[in-house]
Q: 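Here it is, the structure in full.
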Amino acid sequence: MKTNQMIKAPTGTNLTCKGWQQEAAMRMLMNNLDPQVAENPNELVVYGGIGKAARNWESFHKIIETLKNLENDETLIVQSGKPVAVFRTHEHAPRVLIANSNIVPAWAKWDHFYKLESEGLMMYGQMTAGSWIYIGAQGILQGTYLSFVEAGRKAFGTTDLAGRLILTGGMGGMSGAQPLAGKMAGAVTLVVEVEQKRIERKITEGYCDYLATDLDEALQLAREFQHKKEAVSIGLVGNCADIYPAIYQKGIIPAIVTDQTSAHDPLNGYVPNGMSFEEALILRKTDPKAYEEKAKAAMAIHVQAMLDFQAAGAEVFDYGNNIRAYAKEMGVKNAFGFPGFVPAYIRPLFCEGKGPFRWAALSGDPEDIYQTDRLVTEMFAADESLVNWIDMAQKMIKWQGFPARICWLGYGDRHRFALEVNKLVASGVIKAPIVFGRDHLDSGSVASPNRETEGMKDGSDAVSDWPILNALVNTAGGASWVSVHHGGGVGMGYSQHAGQVIVADGTNEAAEKINRVLITDPGMGVARHVDAGYEIAIETAKKKGIHIPMME
């Protein structure tokens with residue numbers, strides 16, 4: 001069901017619900033569908049192919065109605081985007097519990113999901129789409145930036161990528177962070193995107209600098225900026241399965257090669273080559289099976305080109321869209337010959353409980369975020385990379401929907417920072433409550449053997465007890481809302497993950513919850529990596545005093 005209604009979340013300090021916990025959930029759900037934020041708000045799609053905020057418009061409006069009438073000791077239950085029950089719990093319990101796209105393992109395939117979806121029984125929640133904490137491309141920006149600079153450190157011995165070329169694909173809701181992340185890292189970034197209007201949108205949003213429709217034109221532009229060692233981003237209209245091999249055939253070897261197309265979903269995400277974008281959309285509707293096979297065949301070409309770049313000396317990595325698995329299915333035997341970004345660059349941060357922590361200002365006033373910027377840089381002034389990140393973010397990021405910030409804080413830091421923010425809300429320095437959340441792609445909240453838990457030291461890649469335990473302990477701690485999803489990031493059958501959100505509304509009750517949830521949540525990440533035998537996690541647990549019963 002489509003609609004042309006415009007969704008804009010309320011702002012300011014006046015409640016429309018019976019408490020700020022409910023108000024925050026309502027506003028963040030609506031913010032997910034703000035036209036500045038969502039990829040396709042008319043169909044409730046936030047990002048990532050078909051990642052939705054609610055199952056259908058009837059469910060969306062009923063969720064809003066229910067949140068407005070929800071008491072401070074009640075909990076709304078949401079099953080794959082549909083409100084199914086309200087129960088009396090207690091004031092410290094979550095106001096909303098969400099489960100999205102969870103299918104019994106033997107049935108957890110796209111075909112069965114599509115059957116359930118067509119019957120109105122399920123939606124695909126992605127990660128932060130169906131858990132109401134998406135903040136636009138900024139949500140993945142710092143993680144992408146960190147991956148680029150760590151790739152530079154590993155391959156070239158420097159985090160300064162000036163004069164170097166990054167080649168990547170995709171400029172959608174999440175992948176649209178790539179051109180700006182590359183620019184922040186000092187590189188010339190060439191992003192291949194099949195849909196021209198996505199590049200145009202990212203230029204408007206300040207995430208991309210140039211649009212090119214011709215490969216030679218794009219490469220010439222890249223060479224000019226490389227020669228000047230000037231950081232810039234170029235969006236090239238084209239299909240990765242055509243462009244990557246063409247660049248390789250020209251003998252051009254970028255410094256870094258990756259990809260963030262929506263390859264997790266061969267039907268609704270990735271676009272096959274050998275036809276125009278418009279022809280592909282027609283094929284998707286008229287012959288979905290043929291479309292899927294052509295998409296997966298294109299992925300095989302795409303991945304083989306990445307392997308060719310790797311053999312020629314490029315630093316190549318998978319940025320977590322499951323493209324390697326589909327390429328292997330299509331006959332690329334060495335598809336996993338290049339690593340995923342987590343084992344290659346990010347896991348040491350996960351071992352310290354660090355990950356894509358984020359917050360948003362319910363007032364809608366950017367000054368509230370600038371207040372948090374001042375606070376975080378004062379509290380962690382000794383962390384030069386954090387201070388530099390906030391400085392870059394202030395200069396280079398345009399708001400999408402609610403003013404928001406992302407900052408990779410870890411165990412011991414998240415709760416201390418949030419408690420101080422809560423005090424600023426209480427004093428009125430910050431005008432309205434601040435919502436703290438994170439990506440599901442976090443330290444201890446996801447099991448995804450081709451992404452976050454790829455190559456775990458103890459072989460526990462596919463153990464999904466951890467995200468379930470994460471959701472349970474965050475529920476016990478009193479998060480404002482908690483979610484458990486299946487298939488986000490990499491598609492059905494490949495991941496299990498959980499999210500939590502907590503609202504700093506200036507009350508003593510909020511402080512108590514923060515003191516529990518923002519310790520237990522990153523703490524689960526440290527515990528998960530201690531259990532897998534990582535020395536950094538073991539040292540972190542000892543240093544921070546985390547009680548791990550089996551740790552010597």
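Values below: every heavy atom of this structure, side chains too, minus hydrogens, waters and symmetry copies.
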Q: Parallel, tilted or perpendicular: which fits the ring planes of Phe417 and Trp359, with parallel below 30° and perpendicular above 60°?
A: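 Geometry flag for Trp359 against Phe417: tilted rings.
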Q: Do the ring centers of Tyr345 and Phe317 come within less than 6.0 Å of each other?
A: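 Distance test on ring centres: under 6.0 Å, yes.
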Q: Can you see which heavy atom on Lys296 is nearest to which on Glu329, and at what distance?
A: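 Closest pair (atom of Lys296, atom of Glu329, distance): NZ-OE2, 2.8 Å.
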Q: Can you tell me if Asp265 and Ser262 form a side-chain donor-acceptor pair at under 3.5 Å?
A: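 Short answer, no.
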Q: Tell me, do Arg198 and Glu39 make a side-chain contact under 4.5 Å, heavy atoms counted?
A: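 In short, these two side chains touch, coming nearer than 4.5 Å.
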Q: With a 4.0 Å cut-off on N to O distance, would you call Lys62 and Glu65 a salt bridge?
A: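 Glu65 and Lys62: salt-bridged.
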Q: Side chains of Ser495 and Ser448: donor-acceptor distance under 3.5 Å anywhere?
A: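 Ser448 and Ser495 do not have a side-chain donor-acceptor pair below 3.5 Å.
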Q: What residues form a salt bridge (charged side-chain N to carboxylate O under 4.0 Å, His left out) with Glu91, not counting sequence neighbours?
A: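 Residues passing salt bridge (charged side-chain N to carboxylate O under 4.0 Å, His left out) with Glu91: none at all.
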Q: So does Lys289 pair up with Asp111, basic N to acidic O under 4.0 Å?
A: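 So Lys289 pairs with Asp111 through a salt bridge.
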Q: Show the nearest heavy-atom pair for residues Pro449 and Ala462, with the distance to one decimal.
A: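 In this case the closest contact between Pro449 and Ala462 is CG-CA, 3.7 Å.
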Q: Testing the basics here: between Cys407 and Ile390, what is the closest heavy-atom pair and its distance to 0.1 Å?
A: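 Here Cys407 and Ile390 meet closest at SG-CD1, 4.5 Å.
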Q: Do Arg528 and Ser460 get their side chains close enough for a donor-acceptor pair, meaning under 3.5 Å?
A: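 Per modelled atom types, Arg528 and Ser460 side chains form a pair under 3.5 Å.
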Q: Looking only at side-chain N and O atoms, does Asp368 offer a donor or acceptor that is under 3.5 Å from a partner on Ser363?
A: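 Present: a donor and an acceptor within the cut-off.
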Q: Could you tell me how the ring of Tyr114 sits relative to the ring of Trp110: parallel (under 30°), tilted (30 to 60°) or perpendicular (over 60°)?
A: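 Rings of Tyr114 and Trp110: parallel, under 30°.
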Q: Check whether Arg347 reaches the backbone of Glu452 with its side chain - one donor and one acceptor, N or O, closer than 3.5 Å.
A: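 Side chain of Arg347 to backbone of Glu452: a pair is present.
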Q: So does Lys457 have more than 12 non-hydrogen atoms from other groups sitting under 6.0 Å from NZ?
A: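 Yes.
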Q: Run the salt-bridge test on Glu205 and Lys398 with the 4.0 Å N-O cut-off and return the result as yes or no.
A: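 Salt bridge between Glu205 and Lys398, a charged N being under 4.0 Å from a carboxylate O: no.
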Q: To check you understand the geometry: which heavy-atom pair defines the closest contact between Val503 and Ala24, and what is its length?
A: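 Smallest interatomic distance, heavy atoms only, reads CG2-CB, 3.4 Å.
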Q: Is the closest basic N to carboxylate O distance between Glu454 and Arg324 below 4.0 Å?
A: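 Salt bridge flag = yes for Arg324 with Glu454.
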Q: Any ion pair linking Arg451 and Asp439 (charged N to carboxylate O, less than 4.0 Å)?
A: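 Result for this pair is no, no salt bridge flagged.
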Q: For the pair Glu193 (side chain) and Glu195 (backbone), establish whether a donor and an acceptor sit closer than 3.5 Å, ignoring hydrogens and angles.
A: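 Yes.
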Q: Report, as yes or no, whether the 6.0 Å neighbourhood of atom NZ on Lys431 holds more than 12 heavy atoms from other residues, nucleotides or ligands.
A: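 Yes, the 6.0 Å shell around NZ holds more than 12 heavy atoms from other groups.
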Q: Does the ring centre of Phe341 sit less than 6.0 Å away from the ring centre of Tyr319?
A: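 Between Phe341 and Tyr319, which both carry aromatic rings, the centre distance is below 6.0 Å.
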Q: Indicate yes or no: does Glu420 engage Arg416 in a salt bridge with an N to O separation below 4.0 Å.
A: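 Arg416 and Glu420: not salt-bridged.
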Q: Compute whether any side-chain donor of one residue and acceptor of the other, for Glu23 and Thr16, lie under 3.5 angstrom apart.
A: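 Yes - a donor-acceptor pair under 3.5 Å links their side chains.
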Q: Closest heavy-atom contact between Ser483 and Ser131?
A: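 Where Ser483 meets Ser131 most closely, the heavy atoms are OG-CB, 3.2 Å.
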Q: Is it true that the NZ or CZ of Lys202 lies under 6.0 Å from the centre of Tyr207's six-membered ring and within 45 degrees of the ring axis?
A: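 Yes, a cation-pi geometry holds between Lys202 and Tyr207.
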Q: Exactly one of Asn474, Asn470, Thr475, Ile468 should register a side-chain contact (heavy atoms from CB on, under 4.5 Å) with Leu472. Which one does?
A: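 The side-chain contact (heavy atoms from CB on, under 4.5 Å) with Leu472 is passed solely by Ile468 among Asn474, Asn470, Thr475, Ile468.
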Q: Determine the sole option in Lys18, Gln22, Gln21 for which the side chain to side chain donor-acceptor pair (under 3.5 Å) test with Asn72 is passed.
A: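 Of the listed options, the one satisfying the test is Gln22.
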Q: Between the side chain of Thr11 and the main-chain N/O of Gly364, is any donor-acceptor distance below 3.5 Å?
A: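 Side chain of Thr11 to backbone of Gly364: no pair is present.
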Q: Between Asn100 (side chain only) and Gly130 (backbone N and O only), is there a donor and an acceptor less than 3.5 Å apart?
A: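 Side chain of Asn100 to backbone of Gly130: a pair is present.
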Q: Quick one about Arg55 and Gln79 (side-chain donor to acceptor, distance below 3.5 Å, no hydrogens or angles considered), yes or no?
A: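 Short answer, yes.
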Q: Just by distance, do the side chain of Gln36 and the backbone of Gly401 share a donor-acceptor pair under 3.5 Å?
A: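 Yes, Gln36 side chain to Gly401 backbone: donor-acceptor pair under 3.5 Å.
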Q: Taking all non-hydrogen atoms of both residues into account, name the closest pair between Trp132 and Trp481 and its distance.
A: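 Scanning both residues completely, I find the closest heavy atoms to be O-CZ2, 3.7 Å.
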Q: Are any side-chain N or O atoms of His440 and backbone N or O atoms of Met127, one a donor and one an acceptor, separated by less than 3.5 Å?
A: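 Side chain of His440 to backbone of Met127: a pair is present.
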Q: Donor-acceptor check, side chain of Asn102 to backbone of Val484, threshold 3.5 angstrom: yes or no?
A: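 Yes: the side chain of Asn102 pairs with the backbone of Val484.
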